[in-house]
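Values reported hereafter were calculated over all heavy atoms of this structure, with side chains retained and with hydrogens, waters and symmetry mates removed. Letters A, B, ... are given to chains in the order of the sequence lines, protein chains preceding strands, and every chain is numbered from 1.
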Number of protein chains: 2
Amino acid sequence: MIPIGVESKAQALDCPVRTILSNVTGKWRIIVIVALEDEPKRFGALKRCIGDVTQSVLTENLRHLERDGYITRSVDPGPPVAVSYALTPLGRDLLEMMKPLIIWSNEKQDTVRAARAAYDG
Amino acid sequence: MIPIGVESKAQALDCPVRTILSNVTGKWRIIVIVALEDEPKRFGALKRCIGDVTQSVLTENLRHLERDGYITRSVDPGPPVAVSYALTPLGRDLLEMMKPLIIWSNEKQDTVRAARAAYDG
DNA sequence: CAGTATCCTTTACGATACTG
DNA sequence: CAGTATCGTAAAGGATACTG
């Protein structure tokens, strides 16, 4: 059985459900991880690849992911300077854990849409 | 290869990564799903079981989950009225998909904490 | 018991301009 | 190229009071 109930803030920090959620929560974290699947990418390439993320938000998310140990940041001082981001083993591990969920989600999209339409009546 | 880049809003709606994220994102969705794992629960029981969620927020999340087809809501008009929430097959399916991720997250908590401490250091 | 209704704070996200 | 700095908006969450 998975513990979820808490009576204190300290307890919440130890809760695995809450921990994993704080890792995948947010619109961009997992998208960046997925974007780095095949090869390390530079900032500009990452931004173009994702498409609809702004510079400031992308930077912010990259910092979070680096801080938590999911990606690395390598600077090649040019000029021009070139910064490259890559998955760590931990990051690749998270990606592999997410894949079944992503595939499942893709399969069930229509089911959810139907449920929503029925509910909205 | 998982598609993530988009050039339009319509494309973003079809993106599996973004879809699954919108299902599990938020501090409470998955916690409620997990709380319903073993048996249907009434509103009050659910609230006590989770511990640190407010009534209004719990209600809001229950409505979302019901709308998307992950849980059902059954009313037994009393008095006093008793409302029971239960997982649908879809909800149970999502729970099973999340479990490996939850277990993994639990195992890696210390790794992330260490990475964070090193980064902040 | 199981909610609604308000109001407030925090966080995420977004747009734009500027810089070594 | 890869950011930083500012500013503004929007959504999530939280606190509290009230109700059939």
Side-chain angles (χ1 to χ4, degrees), chain A residues 4-9 12-13 15 17-18 21-33 35-36 40-68 71-86, chain B residues 4 6-9 12-13 15 17-18 21-32 35-36 40-68 71-86:
Chain A
I4 46 158
V6 300
E7 282 151 19
S8 69
K9 274 210 164 179
L13 291 175
C15 169
V17 188
R18 298 173 192 234
L21 284 181
S22 72
N23 285 339
V24 301
T25 274
K27 196 172 172 179
W28 303 111
R29 302 279 178 100
I30 296 298
I31 291 183
V32 172
I33 299 269
L36 290 174
K41 282 200 178 73
R42 292 173 55 179
F43 185 88
L46 217 36
K47 180 165 175 1
R48 276 190 304 278
C49 160
I50 295 175
D52 57 346
V53 65
T54 61
Q55 271 187 338
S56 51
V57 170
L58 179 56
T59 300
E60 191 190 339
N61 279 274
L62 287 168
R63 293 288 176 277
H64 276 294
L65 289 168
E66 187 195 359
R67 177 173 183 251
D68 288 354
I71 64 172
T72 57
R73 175 177 185 271
S74 321
V75 183
D76 174 1
V81 55
V83 180
S84 183
Y85 294 91
Chain B
I4 46 159
V6 300
E7 281 152 23
S8 70
K9 275 210 165 181
L13 290 175
C15 169
V17 187
R18 298 174 192 232
L21 284 181
S22 72
N23 284 341
V24 302
T25 272
K27 197 171 171 179
W28 303 111
R29 303 280 178 99
I30 296 299
I31 291 182
V32 172
L36 291 174
K41 282 202 178 72
R42 291 173 54 181
F43 186 89
L46 217 37
K47 179 166 177 358
R48 276 190 305 278
C49 159
I50 294 175
D52 57 345
V53 65
T54 61
Q55 273 187 338
S56 52
V57 170
L58 180 55
T59 300
E60 192 189 338
N61 279 273
L62 287 168
R63 293 288 175 279
H64 276 294
L65 289 167
E66 188 195 357
R67 178 173 184 250
D68 287 356
I71 64 173
T72 56
R73 176 177 185 271
S74 321
V75 182
D76 173 0
V81 54
V83 181
S84 183
Y85 295 91

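- Nearest to the side-chain atoms of A:Arg63 among the listed nucleotides C:dC1, D:dG3, C:dT4 stands D:dG3.
- With sequence neighbours excluded, no residue forms a salt bridge (charged side-chain N to carboxylate O under 4.0 Å, His left out) with B:Arg73.
- Phosphate contact (OP1/OP2 of C:dA2, side-chain N/O of B:Arg42, threshold under 4.0 Å): present.
- Not counting sequence neighbours, B:Arg29 has no partner by the salt bridge (charged side-chain N to carboxylate O under 4.0 Å, His left out) test.
- Applying the salt bridge (charged side-chain N to carboxylate O under 4.0 Å, His left out) criterion to B:Arg63, with sequence neighbours excluded, gives no partner residue.
- Heavy atoms of A:Arg73 sit under 4.0 angstrom from primed sugar atoms or phosphate atoms, though from no base atom.
- Taking every heavy atom of residues 52-62 of chain B and every atom of DNA chain C, pairs under 4.0 Å involve B:Gln55, B:Ser56, B:Thr59, by number.
- When the side-chain hydrogen bond (donor to acceptor under 3.5 Å, both in side chains) test is applied to A:Arg42, no partner is found at least two apart in sequence or on another chain.
- Atom CZ in A:Arg29 sits roughly 8 Å away from atom P in C:dC13 (whole-Å rounding).
- A:Lys27 comes within 4.0 angstrom of the backbone, heavy atoms only, and of no base.
- Relative to the side chain of B:Val81, the nucleotides D:dG14, D:dG20, C:dG3 differ in distance, and D:dG20 lies closest.
- Among pairs with a residue in residues 52-61 of chain B, those fulfilling salt bridge (charged side-chain N to carboxylate O under 4.0 Å, His left out) read A:Arg18-B:Asp52, at least two apart in sequence or across chains.
- Residues A:Tyr85 and A:Leu65 fail the side-chain proximity criterion, which asks for heavy atoms closer than 4.5 Å.
- Taking only side-chain nitrogens and oxygens, A:Tyr85 comes nearer than 4.0 Å to OP1 or OP2 of D:dG3.
- Heavy-atom nearest nucleotides on DNA chain C were determined for A:Trp28 and for B:Ser84, and the one closer to the 5' end corresponds to B:Ser84.
- Listed by chain and number, the residues in a side chain to side chain contact (heavy atoms under 4.5 Å, CB included) with A:Val57 are A:Trp28, A:Val53, A:Thr54, A:Asn61 (sequence neighbours excluded).
- With sequence neighbours left out, the side chain to side chain contact (heavy atoms under 4.5 Å, CB included) criterion links B:Lys41 to B:Leu36, B:Glu39, B:Ala45, B:Leu46, B:Cys49.
- Helical stems in DNA chain D, defined as runs of 3 or more consecutive Watson-Crick or G-U wobble pairs with donor-acceptor distances under 3.5 Å: C:1-20 with D:1-20.
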